Amino acid sequence: MDRMHFGQHSSSQFNEALESIRNRLMEMGGLVEKQVVDALEALLRADSGLAEKVLQTEDRVDQQEILIDEECARVLALRHPAASDLRLIIAVSKAVSDLERIGDESAKIAAMALQLAEEGESPRGYVEVRHIGNHVRNMLRDTLDAFARFDADKAVEVAAEDSEVDLEYRSAMRALVTFMMEDPRAISRVLNIIWSLRALERIGDHARNIGEQVIFLVKGTDVRHISVDEMEKEVKKT
Amino acid sequence: MKMVDPDVMVRRDDDRQSQRAASQGVKMSARDVKVFYGDNEAIKGIDLDIMENEVIAFIGPSGCGKSTFLRTLNRMNDTIENCRIEGKVTLDGEDIYDPSLDVVLLRAKVGMVFQKPNPFPKSIYDNIAYGPRLHGLAKRKYDLDEIVESSLRKAGLWEEVKDRLDRPGTGLSGGQQQRLCIARAIAVSPEVILMDEPCSALDPIATAKIEELIDELTESYTIAIVTHSMQQAARVSHRTAYFHLGELVEVNDTETVFTNPEHELTEAYITGRFG
């Protein structure tokens, strides 16, 4: 990892604070990843028990967000971090917001799962949910990996995958809209599937955002709001 | 060894400071400057351009040569025995180590403020008037009064001392004394002001006043400041130069140095780790 050498700080307390922030972020990432997986399972298997569990865990995700933000604020106030330390704090505090939002989206999926479980199974749209769901799950795992290993190349891959997910989302929408026109009685059920797909697509966006923070952390360049190709060039450049 | 190429400095279009620096001329320039104390090479060939009206901060660990380099800019090292200087330093294109050059005049053009406030054991008025009298800048008492007032005003000290100009300068507080020294440096109409850790003996409020003052002075003067406080370098300077073991490792926009330094040694120093 170029120029990422955490753990050699001349102040051991500062070291510990940075280390603790990173660990907490990874912990939160793990929890959120589990939320996404559980919400998807609950939806696809019409498992209302699992959906309830996802909704209950959301509080813990929120608490972790607050905790990590407090630690970041403390380091900013007491240590005046600079260069890579500063970028770490900025990247973590932004990534934490994205993780929390991913938690929110998972809760939305879980709420849809509850409704769909009550209304009885509707196989329509499940193929798309499974497909996009798997994709988004991998993106989230990869982006957290990239953060843990300071791997900017992997973060670019996540962004590329996000573009694919967006395409898949659009074609799934077309298919489901066609289906609703053919069978208006299924509209309310299909809408629930659509909301879930929408939530998954948003999770993909948040995973990409986290990847962008990884690139900022490792390379020091801001790659938000540019295309994947430009992003790749920026990462190769520095 | 990196040279400050004005072209390199305009890397980001949105960077106000870079554009500002690049649009200005070079005020002082050092080329392959080496300083020896006896056999010991304290500075090992430094190339650096200081732009007009910029504040450039020199940072680095103790003994890295930043103060020594600062002192070569107005030949303060001349006063140190067995100190030898090689290379070329120019002010507006003129070699300041030219034997025919008047050193006293040079030090009026390139003033210096030291770590410890060192007012003369004279009145506040005489502290300021000393330089202008020496250089014959004021013909009449009236002119001298004006120089004293405007210098004290520029140094942000006038309101605090205008009623006691005849009292000794040493009776002021530390922060006021330091501003008095800055006013004294300003009084001889310098072009460049060198500051060697000007705030290290001051409390945070006095420090804030000096920093505010530096910001105002940059409209009329070029300032080079040595500081051990990285926050101070970050706050007051447009560009920051990092020195390490007598070499200039990196010079860049201050923002770049503190968010994304180019060199590993700079990163290690400003984040407080040496690995």
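The model shown is predicted, which means the values in this text are computed figures rather than measured ones.
- No more than 12 heavy-atom neighbours from other residues, nucleotides or ligands sit within 6.0 angstrom of NZ on K34(A).
- A pairwise comparison of heavy atoms in T271(B) and F14(A) identifies O-CE1, 4.3 Å as the closest pair.
- Listed for the N260(B) side chain is a donor-acceptor partner under 3.5 Å among the backbone atoms of K219(A).
- More than 12 heavy atoms of other residues, nucleotides or ligands sit less than 6.0 Å from atom CG of N40(B).
- Summarising the local packing, CD1 of I205(B) is surrounded by 12 or fewer heavy atoms from other residues, nucleotides or ligands at distances under 6.0 Å.
- Other residues, nucleotides and ligands contribute at most 12 non-hydrogen atoms within 6.0 Å of the CZ atom of R101(A).
- E267(B) contributes a side-chain N or O that, together with a main-chain N or O of S84(A), makes up a donor-acceptor pair within less than 3.5 Å.
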